[in-house]
Amino acid sequence: MKITLKLFATLGDLLPAESRENATVVEVPDDATPNQVIDMFKVPRPMAHLVLINGGYVAPERREQPVLAENDVLAIWPPVAGG
Amino acid sequence: MAWTNKVMRVNLTEGKITEEPLNMEWAQQYLGQRGLATKYLVEEVDPTCDALGPDNKFIVTTGPLTGTMASTGGRYSVVTKSPLTGTVACSNSGGYFGAELKAAGWDMIIFEGKSPKPVYLYVHDDSVQLMDAGDIWGKSVWEADEILHKKHQDALIKIALVGRSAENGCLYSAVVNDLHRAAGRSGVGTVMASKNLKAVVARGTKGVGNIKDPMRFLQATEEGKRVLRENAVTGEGLPKYGTQVLMNVINESGAMPTRNMRETQFEGAHKISGEAMHEPRASDGQPNLTTNAACFGCTIACGRISTVDQGHFTIKNKPEYWKASGGLEYEAAWSLGSDNGVDDLDAITYANFVCNEDGIDPISFGATVAAAMELYEMGVITNEHTGGMAYNFGSAEALVHGVEMVAAGEGFGRDLALGSRRMCEKYGHPELSMTVKSQEFPAYDPRGIQGMGLAYATSNRGACHLRGYTVASEILGIPEKTDPLATEGKAELVKAFQDATAAFDSSGLCVFTSFAWTLDDVAPQLDAACEGGWTTEKLVELGERIWNMEREFNRLAGVTGKDDTLPKRLLEEAANAGPAQGKVNELGKMLPEYYKIRGWTADGVVTDETKQRLGL
């Protein structure tokens with residue numbers, strides 16, 4: 001299935017060079033887990049601090065589960081803050 | 001002790017300056033800066049006074065750690081009664097001015113009355129005098145700053161001052177220091193100008209040399225710096241992306257207030273994000289971001305310095321804007337961008353320059369333009385009102401027109417200068433004002449971040465993210481992740497953030513350290529610097545005491561529990577996108593519990609028992 005992967009802030013450098021707006025479309029197995037995608041793009045696990053699927057937070061324990069679906073947007077940040 | 005133990009009192013009506021000792025009994029209860037200056041305010045100012053009249057006072061205050069070697073120890077605050085909200089106002093700023101004032105030997109300056117003519121205060125250590133400001137009145141912040149530097153022939157003076165917007169009565173004018181740092185919210189600059197006070201010029205050569213236990217202070221501050229350095233947020237994310245790193249986070253989370261909060265995601269968010277500020281422009285190949293910058297003593301350096309493309313329509317043939325200057329923080333990028341539907345990064349950067357140049361709070365300004373755009377698209381505001389400019393959502397030209405008009409106090413800018421609530425009332429649609437207690441919202445939609453709805457509704461200075469930033473927990477997972485769509489536990493969370501923030505704001509330190517530090521990290525630094533046995537527990541109680549003191553001032557000013565609410569749009573119109581789609585803010589579920597854990601009545605009044613417990 002295809003999903004959109006977005007890597008933001010300092011993780012943006014891990015995306016393919018042709019990516020635009022911190023996003024790329026990737027083909028993953030139907031039962032792929034967020035952590036498999038995280039590993040596929042060499043995101044250090046501790047830096048995958050904020051993991052969202054379609055804007056909803058995915059807690060660390062759910063990242064080992066096949067919670068992704070076709071056309072989902074998986075967005076990942078390292079620890080960030082502002083205000 | 002890290003206090004200088006000196007307060008300067010300036011009677012502007014009589015042109016008289018006196019010195020008095022800091023009330024050290026109050027310092028033990030309120031610490032400094034926000035807490036201590038507010039204590040002076042509530043003791044000396046009638047809460048019902050006209051905020052722009054001579055009975056209001058205008059306090060410029062440092063904290064005990066201002067000017068010390070503690071990381072971020074350069075903060076100062078302006079405390080007064082707000083003309084925008086009618087509540088207590090306390091606006092905090094960084095830069096270098098606060099540390100310079102402290103190095104000159106002053107904890108606080110209390111301005112009283114109103115000068116019969118424009119003046120500025122010149123402080124060089126113990127030498128202080130009111131000077132004629134006739135030649136800088138009517139000048140922008142940037143022009144006046146340059147004139148004052150030339151006049152005093154001293155590159156090392158630091159200046160806090162107001163621009164033309166404040167002189168013209170814009171109700172959300174800021175006090176700007178060091179050209180592009182600002183005590184931005186609640187119209188504190190408007191109060192300063194109402195007193196015919198244009199600037200405070202500081203030059204300090206004394207330093208802060210009276211630390212209680214210098215060796216322990218050195219160790220405690222070094223440990224604090226290590227924590228900041230090794231934390232991914234304060235050591236890496238903030239220096240590289242600034243607060244603007246939030247643009248994509250909040251948008252993806254579906255909590256991005258868009259087009260006067262009609263929508264909760266902005267399709268152009270990435271174009272105006274922290275990441276986009278690093279990308280080369282198509283037009284000239286240069287990025288918007290030139291460099292980051294630090295305030296006095298700061299080891300984070302989240303500040304943005306930006307350059308606009310010289311060919312951009314905003315600055316073409318305006319060489320005065322071609323150099324690098326203060327760039328976008330997240331709140332400004334949101335208010336000037338998403339809230340107006342504008343995705344032109346250079347246009348909103350220019351609008352931000354003008355806000356700095358003439359002392360305009362970009363949050364309140366941008367949110368007011370958003371309301372104007374909604375009214376324009378409804379046909380209520382017309383080209384006749386705007387002077388021919390079409391105020392459609394997405395128009396960078398309208399945004400630029402608006403900011404230039406507010407800066408100059410001309411044309412439609414006079415309506416925009418009223419702020420969202422008064423402008424919407426003028427045009428017969430108060431329901432379109434996205435405000436609490438007449439202050440415009442910052443950049444987090446409370447339908448997608450439930451706790452922020454409670455934080456906004458109960459904020460002592462009207463809608464504000466810096467009075468209780470539960471976004472840190474609800475979205476960012478700092479210190480622990482909570483569900484942004486849940487209401488359970490949010491009353492406690494909001495109270496904890498509000499009280500802790502009040503303590504940070506009273507120390508002289510920047511609240512951004514709280515992304516890495518807790519009060520456990522602050523207490524050892526304070527205790528090494530100041531007499532009084534400063535523990536985490538004492539700081540938590542201090543924060544609660546300050547919160548309740550501010551609340552009581554507001555009640556006496558006529559701002560009460562009935563004002564602890566949100567605009568109808570956020571309580572009745574559901575979010576249109578993102579995880580919160582279909583949801584409203586459920587303030588009614590959180591507010592009664594909040595009052596209860598605060599120890600207030602069901603109407604939100606501080607009880608005698610609570611006052612007694614806190615020593616109020």
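Naming convention: chains lettered A, B, ... in sequence-line order (proteins, then strands); numbering from 1 in each chain.
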Do you know which two heavy atoms are closest between A/G82 and B/Y469, and how far apart they sit?
O-OH, 3.3 Å
Atom pair CD/NZ of A/E21 and B/K271 - distance to nearest 0.5 Å
6.5 Å
Would you check if A/K6 and B/H270 make a side-chain contact, meaning some heavy-atom pair closer than 4.5 Å?
no
Quick check: does any side chain N or O of B/Y241 sit under 3.5 Å from a backbone N or O of A/A9, one acting as donor and the other as acceptor?
yes
Measure across B/V233 and A/V80 and return the closest heavy-atom pair with its distance rounded to 0.1 Å.
CG2-N, 3.7 Å
From A/I76 CD1 over to B/E252 CD, what is the distance, rounded to the nearest 0.5 angstrom?
11.5 Å
Is B/Q244 in contact with chain A via its backbone, its side chain, both, or neither, using a 4.5 Å heavy-atom distance?
neither
Atom group of B/E329 that falls short of 4.5 Å from chain A, counting heavy atoms:
neither
Taking all atoms of both residues into account, what is the closest heavy-atom pair of B/V249 and A/W77, and its distance?
CG2-NE1, 3.1 Å
Would you find a donor on one side and an acceptor on the other, under 3.5 Å apart, between the side chain of A/H49 and the backbone of B/A232?
no
Could you tell me which portion of A/N22 (side chain, backbone, both or neither) has an atom closer than 4.5 angstrom to a non-hydrogen atom of chain B?
both
Which atoms of A/P79 come close to chain B, meaning under 4.5 Å heavy atom to heavy atom: side chain ones, backbone ones, both, or neither?
both
So which atom in A/L52 and which in B/S253 form the shortest heavy-atom distance, rounded to 0.1 Å?
CD1-OG, 3.6 Å
Turns out that what part of A/Y57 lies under 4.5 Å from chain B's heavy atoms comes down to side chain
Out of B/I475, B/L246, B/N231, return the one with the most heavy atom pairs under 4.5 angstrom to chain A.
B/L246
